[in-house]
Amino acid sequence: MVGLTGGIGAGKSAAAGRLAADGAVVIDSDLLARQVVEPGTDGLAQVVAAFGEQVLGPDGSLDRPALGRVVFGDAEARRRLEKIVHPLVRAATARRVGQAAADAVVVNDVPLLVEGGMAPSYHLVVVVDADRDVRVQRLARERGMTPADARARIDAQVDDAIRRAAADVVLDNGGPRPALDAAVDALWRDRLVPFETNLRAGRPATAPAVATAVPYDPRWPADFGRLAARIRHRVGADRRIDHIGSTSVPGMPAKDVIDMQLTVDSLDQADAYAGRLLAAGFPAAPGRWRDKPEPPATGTWDKRLHANADPGRLANLHVRVAGSPGWRTALLLRDFLRSEPDERDAYHAVKLRHAGLPRADYADAEEPWFDAMYERARRWAADTGWTP
């Protein structure tokens, strides 16, 4: 399930058309919003009951300009209209999704995806973007708007930076159409099709065989935020999800894999969440990672591991019981490295020494240094009064 959006004039419809040509099932929310209030529908009857026959044209169809005049500038009227139309559009969308093939990549073309807070409900959000001046020129050329009207329409929408922040993928449509088509084709081939295949098979995306650290990427916290929102959408907004591991430490070079920790009350609850996590795009990944018990071991070190099925954003989700040794250790080491730059730099040096090793050997090579760092972190926690 892919959410596709973009500001007016950015070229979202062009991207949707190309995705359809590549094989996606595209659901146009604007089209559905018109269809659910066509003559003879229950939707139109509800709109007339709410706003009167003044919103009907001579032929009995919805007079959209008349309805616009009623709800424009009236927040309460607009909410009444949304309470009628939005559930009908969601139901129509669900019917079309139900009719799609089992291996379909379903693209929901939703203009107000970000404004409506819908981003976490999709496996991936794609935003089509273009510079403001380019969009103004397009709107003037293709829709006959004056430059002033075009700018006003752009300004009336959510800020472009907010829309980009919600995106897993930003398609730059500031150039010629063939460039957009090529970008969409690459997205389809390299990310969407493999992502769908992994989800259907219930398997995570394949991680590189060799552990390779890259410089700290300031986009990692935002990547974590989008993934965490997607998981909370499935397991509950009150669930604690932490960014852990090296990518959670500002300035720390790391493997380009986001590590997250979902806090649960018990391992039974962790197991009960497996289906929901798969629906969020995170199938189970047993045996892919292990916790090293602290000697002497106290409490359970058991956990459940899930990993992202999206090959374009590798991520591990460690599901641990609140208060367990592994849960506490993950938070302690993160906060210790965040607070102690010298320790962070020392860990970086260890990573450099072991770069290029196979993943299993990499973990083994780090263990002696990790054990010593853990003891220093424990002393730091006692000295500072740290709690998780």
Side-chain angles (χ1 to χ4, degrees), residues 1-36 85-86 88-130 157-158 160 162-173 177-201 205 223 226-227 229-230 233-234 278-282 308-313:
M1 296 289 292
V2 178
L4 174 68
T5 193
I8 185 170
K12 174 176 59 65
S13 297
R18 188 67 179 190
L19 284 164
D22 283 334
V25 175
V26 176
I27 300 174
D28 185 337
S29 292
D30 268 352
L31 177 60
L32 293 184
R34 292 192 292 272
Q35 291 176 344
V36 298
V85 175
H86 288 183
L88 295 171
V89 170
R90 285 195 294 270
T93 298
R95 286 194 296 272
R96 282 160 175 74
V97 171
Q99 294 165 356
D103 62 348
V105 175
V106 178
V107 176
N108 288 265
D109 180 345
V110 186
L112 301 181
L113 184 152
V114 175
E115 293 91 326
M118 293 178 274
S121 65
Y122 298 103
H123 292 118
L124 203 72
V125 171
V126 178
V127 169
V128 184
D129 196 25
Q157 295 186 328
V158 70
D160 290 341
I162 295 175
R163 193 182 289 109
R164 285 193 294 269
D168 299 285
V169 177
V170 177
L171 294 173
D172 182 1
N173 189 30
R177 176 64 183 271
L180 175 67
D181 289 346
V184 170
D185 292 347
L187 172 65
W188 176 262
R189 178 186 65 245
D190 300 335
R191 192 164 185 177
L192 298 184
V193 170
F195 193 174
E196 186 283 323
T197 301
N198 289 338
L199 270 181
R200 189 158 35 90
D223 288 352
R226 288 192 301 275
L227 294 173
R230 205 159 281 152
H233 178 74
R234 299 290 180 172
L278 175 61
F282 280 78
N308 201 0
D310 175 11
R313 175 65 276 164

Interatomic distance, OG1@T93 vs NE2@H86, rounded to 0.5 Å, equals 11.0 Å
Can you name the salt bridge (Lys or Arg N to Asp or Glu O under 4.0 Å) partners of R200, sequence neighbours left out? E196
F282 side, atom CZ; R230 side, atom CZ - distance, nearest 0.5 Å: 8.0 Å
Ion pair present between D185 and R189, side-chain N to carboxylate O less than 4.0 angstrom? no
Under 3.5 Å: donor-acceptor pair, side chain of D109, backbone of I27: no
Do any N or O atoms from the side chain of H233 and from the backbone of P120 form a donor-acceptor pair under 3.5 angstrom? no
Check salt bridge (Lys or Arg N to Asp or Glu O under 4.0 Å) between R164 and all other residues, then give those that pass, not counting sequence neighbours. D129
Are V169 and V125 close enough that some pair of their side-chain heavy atoms sits under 4.5 Å apart? no
How long is the gap from CG on L32 to CG on L88, to the nearest 0.5 Å? 10.5 Å
Please name all residues satisfying salt bridge (Lys or Arg N to Asp or Glu O under 4.0 Å) with R191, sequence neighbours left out, ordered by chain then number. D310
State whether the side chain of H123 and the backbone N or O of G3 hold a donor-acceptor pair below 3.5 Å, judged by distance alone. no
Under the side chain to side chain contact (heavy atoms under 4.5 Å, CB included) test, residues paired with L112 that sit two or more places apart: E115
Quick one: pull up CG in D168 and CZ in F195 and give me the separation to the nearest 0.5 Å. 8.0 Å
Flag the pair V97 / M1 as yes when at least one side-chain heavy-atom distance between them is below 4.5 Å, and no otherwise. yes
Results of side chain to side chain contact (heavy atoms under 4.5 Å, CB included) for R34 - residues two or more places apart only: D30, L31, R64
Test side chain to side chain contact (heavy atoms under 4.5 Å, CB included) applied to Y122 and T5, V2, L4, N108, the passing residue: N108
What pairs with D28 under side chain to side chain donor-acceptor pair (under 3.5 Å), at least two apart in sequence or on another chain? none
